[in-house]
2 protein chains.
Amino acid sequence: MHFMTALKGAWQQRNSLLCVGLDPDPARFPAHLQDKPDAIFEFCKQIVDATADLACCFKPQIAYFAARRAEDQLEALIDHIHARHPDTPVVLDAKRGDIGSTAEQYAVEAFERFRADAITVNPYMGRDSVDPYLAYPDKGVILLCRTSNPGGSDLQFLDVGGEKLYERVARLVAEDWNASGNCGLVVGATFPAEIARVRELTGDMPLLVPGIGAQGGDIAATMQAGRTADGCGLMINSSRAILYAGKGEDFAAEARRVALETRDAINAQR
Amino acid sequence: MHFMTALKGAWQQRNSLLCVGLDPDPARFPAHLQDKPDAIFEFCKQIVDATADLACCFKPQIAYFAARRAEDQLEALIDHIHARHPDTPVVLDAKRGDIGSTAEQYAVEAFERFRADAITVNPYMGRDSVDPYLAYPDKGVILLCRTSNPGGSDLQFLDVGGEKLYERVARLVAEDWNASGNCGLVVGATFPAEIARVRELTGDMPLLVPGIGAQGGDIAATMQAGRTADGCGLMINSSRAILYAGKGEDFAAEARRVALETRDAINAQR
């Protein structure tokens, strides 16, 4: 699967810009799953199966698995997505960043061990720290640009010669790092003016937009700022609002209900 | 163990500023270890036992374990260090960076699952992405500042209002983020002028200095630029030059020989 091809296919044929974020927190699981040895896999699998036809991609956040010694469940989950929902790409949210020789190892972790179709990467260490991911031309490499958290401004909003640091990152990626056409950028829904600026700087580059739902970002403002001329271009992520919509045995149906509402709220702005 | 107390103890009582980096690459292991199921643990354990009295800290690089599904061997290795070499702190080189709720999970991964004494963290997402690590007051939080790779200049060397981005990071950490006194900074040996500048901005803050050996950094220049008035203040990392000094069954003795040479070359400049 080529990530960009799969993503564009999902946007158009499945009519969805919704990215379902998989941040499994066992303390918030329904009671009937709590004691299962593979509760994390089981919870995520049910969410995935209930929402796959509504999503343009899935985004498992690796920290939630690593904190609980559950890398095997993450592997099983991604295998399940590939087997059951082969047209839905998987973005591994790992935000890795290291010198080239180490980045090669992280690329093996993400693309060969976990079989992700794309990974999020931190740009602070520069081009040669990103090259090992770019060397997989079928995989997506999604660089942090303007993150959704308040502290994102500490560095990303600094002026660097007449533009902000996040604008420089957007330009570097669009003008240099994206030679193989497999880059994307993370821009938070909590900053729609910056989404618009990044869209202006990057043409039709896919933007991964976290921050709606629990973090307070606005769907209409996000869409107005970031959609491309054909009404695509965005992976709008929702994690907690979907995952924990229900607390009982019907949690997957509740997740589907919220995913459907979110997809439709997004589509109302296309 | 309080990381800063342990590190200062190791600097003074063990008379070493050498950080032994553990980047295990099975393709470079001696032949007699290649087929063992726990080769990564066994290799690192022998390196650790051969060099612990020469090191102020160990720095396992998590990517090398994660790429090979060897998190269990990393856990066993850190347990071994704590049990056999309780005065030698462990810096988990993970360069994590994410929004607060996710950073909490990474902090659990590093400090509770792997029982590391310190972690490296990427500052690009700002203060609130670092707070969850700082909330463990006994643990060290070592922020990337001026990294040793060529591409580090892409962002870190940008001018932000009369200073470079890496200088702003150093000031933010020294003047704000370090309220509990548990922060350090990563500054590459390949940039001694920047080490001197960071030392000027941060007082006696511990600096983790990668880049000697395989990456070409110079020990004398590093020491001259970065040592504190009492001849400490630095964790000078060497990984590949020590780990792969020998290719035979005596690899641990060869690693010890190079670690001793490196420690002494550092101490000649104190």
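Lettering follows sequence order; numbering is per chain, from 1.
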When the 4.5 angstrom heavy-atom criterion is applied to R127(A) and chain B, the contacting part is both
Scanning both residues in full, the closest heavy-atom pair of A67(B) with Q105(A) reads CB-O, 3.4 Å
Are any of the side-chain heavy atoms of E71(A) and R69(B) separated by less than 4.5 Å?
-> no
Applying a strict 4.5 Å limit to non-hydrogen atoms, the region of S148(B) in contact with chain A is side chain
Most heavy-atom pairs under 4.5 Å with chain B, out of G100(A), P150(A), A103(A), G161(A), belong to P150(A)
Checking T102(A), D98(A), D128(A) against N149(B) for side-chain contact (heavy atoms from CB on, under 4.5 Å), the one that qualifies is D128(A)
Is the shortest heavy-atom distance from the side chain of T147(A) to the side chain of I99(B) under 4.5 Å? no
Assert top hit (heavy-atom pairs under 4.5 Å, partner chain B, pool G97(A), G151(A), S153(A)) equals G151(A)
What one should report as the nearest heavy-atom pair of A66(B) and R113(A) is O-NH1, 2.9 Å
- Non-hydrogen side-chain atoms of K95(B) and R96(A) separated by less than 4.5 Å: no
*asked:* Between Y124(A) and C145(B) (side chain of the first, backbone of the second, donor and acceptor by atom type, cut-off under 3.5 Å), is there such a pair?
replied: yes
Can you tell if the side chain of V160(A) reaches within under 4.5 Å of the side chain of D159(B), non-hydrogen atoms only?
no
Here the gap from D154(A) atom CG to S129(B) atom OG, rounded to the nearest 0.5 Å, amounts to 8.0 Å
Nearest heavy-atom approach of M125(A) to Q156(B) is CA-NE2, 3.7 Å
One option among E112(A), E104(A), R68(A), R146(A) has the most heavy-atom pairs under 4.5 Å with chain B, and it is R68(A)
Okay, L172(B) and chain A: the region with an atom under 4.5 Å from a heavy atom over there is side chain
When the 4.5 angstrom heavy-atom criterion is applied to E75(B) and chain A, the contacting part is side chain
Honestly, the part of P210(B) sitting under 4.5 Å from a heavy atom of chain A is neither
In this structure, CG of D23(B) is separated from OG of S101(A) (nearest 0.5 Å) by 7.0 Å
- Query: Is there side-chain contact between Y106(A) and Q61(B), with heavy atoms separated by less than 4.5 Å?
  - Reply: yes
Checked N122(A), D131(A), D72(A) vs chain B; the most non-hydrogen pairs under 4.5 Å come from N122(A)
